Engineer: 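The structure under discussion is supplied below as structure tokens; questions concerning it will follow.
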Amino acid sequence: MGLLSSTKSMDKFESVFKISRKTFNYICALVKEDMMAKPGNFVFTNGRPMSLNDQVAIALRRLSSGDSLLTIGDAFGLNHSTVSQVTWRFVEIMEERALHHLQWPSTEPEITEITSKFEKIRGLPNCCGAIDTTHIMMCLASADSSNHVWLDRENHHSMILQAIVDPDMRFRDIVTGWPAKMKDSSVLQSSNFFKLCEKGQRLNGKKIVLAEGSEISEYIIGDSGYPLLPWLVTPYQGKELSEPKAEFNRRHFATRMVAQRALARLKEMWKVIQGVMWRPDKNRLPRIILVCCLLHNIVIDLEDEVQDEMPLSHHHDLGYRQQICELVDHNASILRDKLSLYLSGRLPP
């Protein structure tokens, strides 16, 4: 097992790699064929060759700890350039081999399970996902004028990650790579998900009857930074809200917390994207973010007990103010009012 032999006990293994041995073995099996097809001839500083498991362990350690290449190299007896090469190779292979872990639900039973779980949270019917955005911080050279595009409204250099999440905190759709200068609503509108929804090719499943003459299509929910659309329900804005509207907002907030928790969990488990990244390669960073999202989903899909021991936080973007999008679709506004009355029991039968 190479360096893994130093993590003999189960507890030690799980605290070092943030995942169980079962999940670790599954990831090794996923990448084995590609890793072995083109062996990189990687070696420890003492000349011993790195096994497949060694390489996966090093890559996972880099992604989960967020420690520098030098720190990991020193800890495991590796040249820091080897840590970098091994990690990048792992990222490239995971992109190919693990994509089936991040997909929009395609069957009716899958959608039904998702909508019923969302409804159980606070009663929202036919909800298929919660959307949210987080910032991946970067330390870039201020003197380089080409870096100004990455400056966000809080004066940090950062890259956007937009995620749509199911009730189990699984990522179902992500968009990343855009500079955080862009508004959340603009990132959404530039996404493939938005285009599919606008063409009626997504969130186009069965409608639910709320009352006589009132039905609601599939939709996702998001905060006030997003536009109110027929397939994207946002909260009511303003302070003096009627009781049905205030109640709707409370239910809406409690339901969309799942997206905030998922992003907080992602950054907590895969710390390479949690802190401030030192001058990252901006072409590689979106691919590292994607692989962290794939690993997040694998932990959920394999029902890894390690996740149960992690604190449930919803703080993933401290210091960022709430964005406000004024765009309101008229039909969506009528639908939201009906949904609000339905939830407060005031919709005529």
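None of the values given here were measured: they were computed from a predicted structure.
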Engineer: More than 12 heavy atoms of other residues, nucleotides or ligands under 6.0 Å from CD of Gln201: is that the case?
Structural biologist: yes

Engineer: What residues, two or more places apart in sequence or in another chain, satisfy ring-ring contact (aromatic ring centres under 6.0 Å, His included) together with Tyr342?
Structural biologist: none

Engineer: Kindly check if the number of other-residue, nucleotide or ligand heavy atoms within 6.0 Å of NE2 (His100) is above 12?
Structural biologist: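 Count over threshold, so yes.
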
Engineer: Would you say that Met50 contacts Ile58 through its side chain, given a criterion of any heavy-atom pair below 4.5 Å between the two side chains?
Structural biologist: yes

Engineer: Checking Trp104 now: which residues fulfil ring-ring contact (aromatic ring centres under 6.0 Å, His included) with it, not counting sequence neighbours?
Structural biologist: Phe193

Engineer: What pair of heavy atoms forms the shortest contact from Gly222 to Ile131, and how long is it?
Structural biologist: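 In terms of heavy atoms, the two residues are closest at CA-CG2, 3.6 Å.
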
Engineer: Begin with the C-alpha distance, continue with both residues' side-chain angles, and end with the deciding distance and a verdict on side-chain contact (heavy atoms from CB on, under 4.5 Å) for Leu30 and Ile298.
Structural biologist: CA-CA 11 Å; Leu30 264 187; Ile298 286 171; 4.0 Å; yes

Engineer: Linking Ile, Leu, Val, Met, Phe, Trp and Tyr by side-chain heavy atoms under 4.5 Å, what else ends up with Ile160?
Structural biologist: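 Via sub-4.5 Å side-chain contacts, Ile160 links to Val175, Trp178, Met182, Val187.
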
Engineer: Are more than 12 heavy atoms from other residues, nucleotides or ligands located less than 6.0 Å from atom CD of Glu243?
Structural biologist: yes

Engineer: Got a salt bridge between Glu268 and Arg261, using NZ or NE/NH1/NH2 to carboxylate O under 4.0 Å?
Structural biologist: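 Salt bridge flag = no for Arg261 with Glu268.
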
Engineer: Check whether any side-chain heavy atom of Ile93 sits under 4.5 Å from a side-chain heavy atom of Arg89, and report yes or no.
Structural biologist: yes

Engineer: Ignoring hydrogens and geometry, is there a side-chain-to-backbone donor-acceptor pair from Lys195 to Ser190 under 3.5 Å?
Structural biologist: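 Yes.
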
Engineer: Give a yes or no on whether the backbone of Gly77 and the side-chain of Thr45 come within a donor-acceptor separation of less than 3.5 Å.
Structural biologist: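 Yes, the answer is positive, given that a donor and an acceptor are paired below the 3.5 Å cut-off.
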
Engineer: Is there a donor-acceptor pair under 3.5 Å between the side chain of Glu110 and the backbone N or O of Ser106?
Structural biologist: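 Flag set: sc Glu110 to bb Ser106 pair under 3.5 Å.
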
Engineer: What are the two closest non-hydrogen atoms of Pro125 and Leu343, and how far apart are they?
Structural biologist: CD-CD2, 4.4 Å

Engineer: Are the side chain of His296 and the backbone of Trp270 linked by a donor-acceptor contact shorter than 3.5 Å?
Structural biologist: no

Engineer: If you round to the nearest 0.5 Å, how far is NE2 of His80 from OG1 of Thr71?
Structural biologist: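 NE2 of His80 is found 11.5 Å from OG1 of Thr71.
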
Engineer: Roughly how far, to the nearest 0.5 Å, is the CD1 atom of Ile136 from the CD1 atom of Ile273?
Structural biologist: 4.5 Å

Engineer: Hey, are Glu247 and Arg250 close enough for a salt bridge, meaning a charged N less than 4.0 Å from a carboxylate O?
Structural biologist: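 Answer for the salt bridge query: yes.
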
Engineer: Do Ile220 and Leu210 belong together in a cluster built from hydrophobic side chains that touch within less than 4.5 Å?
Structural biologist: no

Engineer: Looking at every non-hydrogen atom in both residues, tell me the closest pair between Pro167 and Val258 and how far apart they are.
Structural biologist: O-CG2, 3.5 Å

Engineer: Cluster question for you: counting only ILVMFWY and a side-chain heavy-atom cut-off of under 4.5 Å, with indirect links fine, are Met159 and Leu151 together?
Structural biologist: no

Engineer: If you define the side chain from C-beta out and look only at heavy atoms, does anything of Gln55 sit under 4.5 Å from Val31?
Structural biologist: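 Counting from C-beta outward, Gln55 and Val31 never come under 4.5 Å.
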
Engineer: Out of curiosity, does Tyr236 fall in the hydrophobic cluster containing Leu341 (side-chain heavy atoms, cut-off under 4.5 Å, transitive links)?
Structural biologist: yes

Engineer: About how many Å separate OH of Tyr26 and OG of Ser20, when rounded to the nearest 0.5 Å?
Structural biologist: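 OH of Tyr26 is found 12.5 Å from OG of Ser20.
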
Engineer: For Glu154 and His135: C-alpha separation, side-chain torsions, deciding distance, then whether side-chain contact (heavy atoms from CB on, under 4.5 Å) applies.
Structural biologist: CA-CA 11 Å; Glu154 307 299 339; His135 296 79; over 6 Å; no

Engineer: Is a side-chain donor-acceptor pair under 3.5 Å present for Asn79 with Ser81?
Structural biologist: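 There is such a pair (donor and acceptor under 3.5 Å, judged by atom type) between the side chains of Ser81 and Asn79.
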
Engineer: Using the rule given for side-chain contact (heavy atoms from CB on, under 4.5 Å), can you reason through Cys325 versus Asp184, listing the C-alpha separation, both sets of side-chain angles and the distance that settles it, and then say yes or no?
Structural biologist: CA-CA 9 Å; Cys325 178; Asp184 293 354; over 6 Å; no

Engineer: For the atom pair CE (Met36) and OG (Ser51), what is the distance rounded to the nearest 0.5 Å?
Structural biologist: 8.0 Å

Engineer: I'd like to know if Ile111 and Tyr219 are part of one continuous hydrophobic network [Ile/Leu/Val/Met/Phe/Trp/Tyr, side-chain heavy atoms within less than 4.5 Å].
Structural biologist: no

Engineer: Examine distances only and state if a side-chain atom of Asp67 and a backbone atom of Ile72 form a donor-acceptor pair shorter than 3.5 Å.
Structural biologist: no

Engineer: Would one find more than 12 heavy atoms of other residues, nucleotides or ligands at under 6.0 Å from atom NZ of Lys32?
Structural biologist: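 At most 12 heavy atoms, drawn from other residues, nucleotides or ligands, come within 6.0 Å of this atom.
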
Engineer: So, taking the atom named CG in Leu102 and the one named CG in Leu295, what distance separates them when rounded to the nearest 0.5 Å?
Structural biologist: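 If we round to the nearest 0.5 Å, Leu102:CG and Leu295:CG are 11.0 Å apart.
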
Engineer: Under a 4.0 Å N-O cut-off, is there an ion pair linking Asp223 with Arg256?
Structural biologist: no

Engineer: Please name the pair of heavy atoms, one in Pro227 and one in Ser185, separated by the smallest distance, quoted to 0.1 Å.
Structural biologist: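 Shortest heavy-atom contact: CD-CB, 4.0 Å.
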
Engineer: Between Thr133 and Tyr226, does a side chain to side chain donor-acceptor pair (under 3.5 Å) hold up when you go through it step by step?
Structural biologist: CA-CA 10 Å; Thr133 297; Tyr226 293 101; 2.6 Å; yes

Engineer: Quick check: does any side chain N or O of Thr23 sit under 3.5 Å from a backbone N or O of Val299, one acting as donor and the other as acceptor?
Structural biologist: no

Engineer: Tell me whether Lys282 contacts the main-chain N or O of Pro179 through its side chain, where contact means a donor paired with an acceptor under 3.5 Å.
Structural biologist: no

Engineer: Could you tell me whether the side chain of Arg172 and the main chain of Gln103 form a donor-acceptor pair under 3.5 Å?
Structural biologist: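 Yes, the answer is positive, given that a donor and an acceptor are paired below the 3.5 Å cut-off.
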
Engineer: Got a sec, which pairs hit salt bridge (Lys or Arg N to Asp or Glu O under 4.0 Å) with one end in residues 326-341, sequence neighbours left out?
Structural biologist: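 Of all non-adjacent pairs touching residues 326-341, none passes salt bridge (Lys or Arg N to Asp or Glu O under 4.0 Å).
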
Engineer: For Phe171, run the side-chain contact (heavy atoms from CB on, under 4.5 Å) check against Leu266, Leu161, Leu294, Ile164 and tell me which one passes.
Structural biologist: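 With Phe171 as partner, side-chain contact (heavy atoms from CB on, under 4.5 Å) holds for just one option, Leu266.
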
Engineer: Does Lys120 NZ have over 12 foreign heavy atoms under 6.0 Å away?
Structural biologist: no

Engineer: Please report the shortest heavy-atom distance between Phe118 and Val165, naming the atom on each side.
Structural biologist: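 The pair with the smallest heavy-atom distance is CZ-O, 3.6 Å.
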
Engineer: Got a donor-acceptor contact below 3.5 angstrom from the Arg251 side chain to the Arg122 backbone?
Structural biologist: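 Side chain of Arg251 to backbone of Arg122: a pair is present.
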
Engineer: Is the shortest side-chain N to carboxylate O distance from Asp301 to Arg170 below 4.0 Å?
Structural biologist: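 Salt bridge flag = yes for Arg170 with Asp301.
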
Engineer: Taking only residues two or more places apart in sequence, or in another chain, which ones meet Ser217 in a side-chain contact (heavy atoms from CB on, under 4.5 Å)?
Structural biologist: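 So Ser217 forms a side-chain contact (heavy atoms from CB on, under 4.5 Å) with Lys207.
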
Engineer: Would you please name every residue forming a ring-ring contact (aromatic ring centres under 6.0 Å, His included) with His252, sequence neighbours left out?
Structural biologist: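 ring-ring contact (aromatic ring centres under 6.0 Å, His included) list for His252, sorted by chain: Phe248.
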
Engineer: What verdict does the side-chain contact (heavy atoms from CB on, under 4.5 Å) test give for Met94 and Leu63, after you've listed the backbone C-alpha separation in whole Å, the side-chain angles of each residue and the deciding distance to 0.1 Å?
Structural biologist: CA-CA 13 Å; Met94 281 292 288; Leu63 297 174; over 6 Å; no

Engineer: So, do Met138 and Leu285 sit near enough that their side-chain heavy atoms are less than 4.5 Å apart?
Structural biologist: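 With C-beta onward as the side chain, the pair touches.
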
Engineer: Once rounded to the nearest 0.5 Å, what's the spacing between atom CZ of Arg265 and atom CD of Gln260?
Structural biologist: 14.5 Å

Engineer: Give the cluster check for Leu327 versus Ile324: same hydrophobic cluster or not, with ILVMFWY residues linked at side-chain heavy-atom distances below 4.5 Å.
Structural biologist: no

Engineer: Do the non-hydrogen side-chain atoms of Arg61 and Phe76 ever get within less than 4.5 Å of each other?
Structural biologist: yes

Engineer: Looking only at heavy atoms, what is the nearest atom pair of Asp54 and Pro49, with distance?
Structural biologist: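 Heavy-atom minimum between the residues: OD2-O, 4.3 Å.
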
Engineer: Check whether any side-chain N or O of Gln162 sits under 3.5 Å from a backbone N or O of Leu188 as a donor-acceptor pair, and report yes or no.
Structural biologist: yes

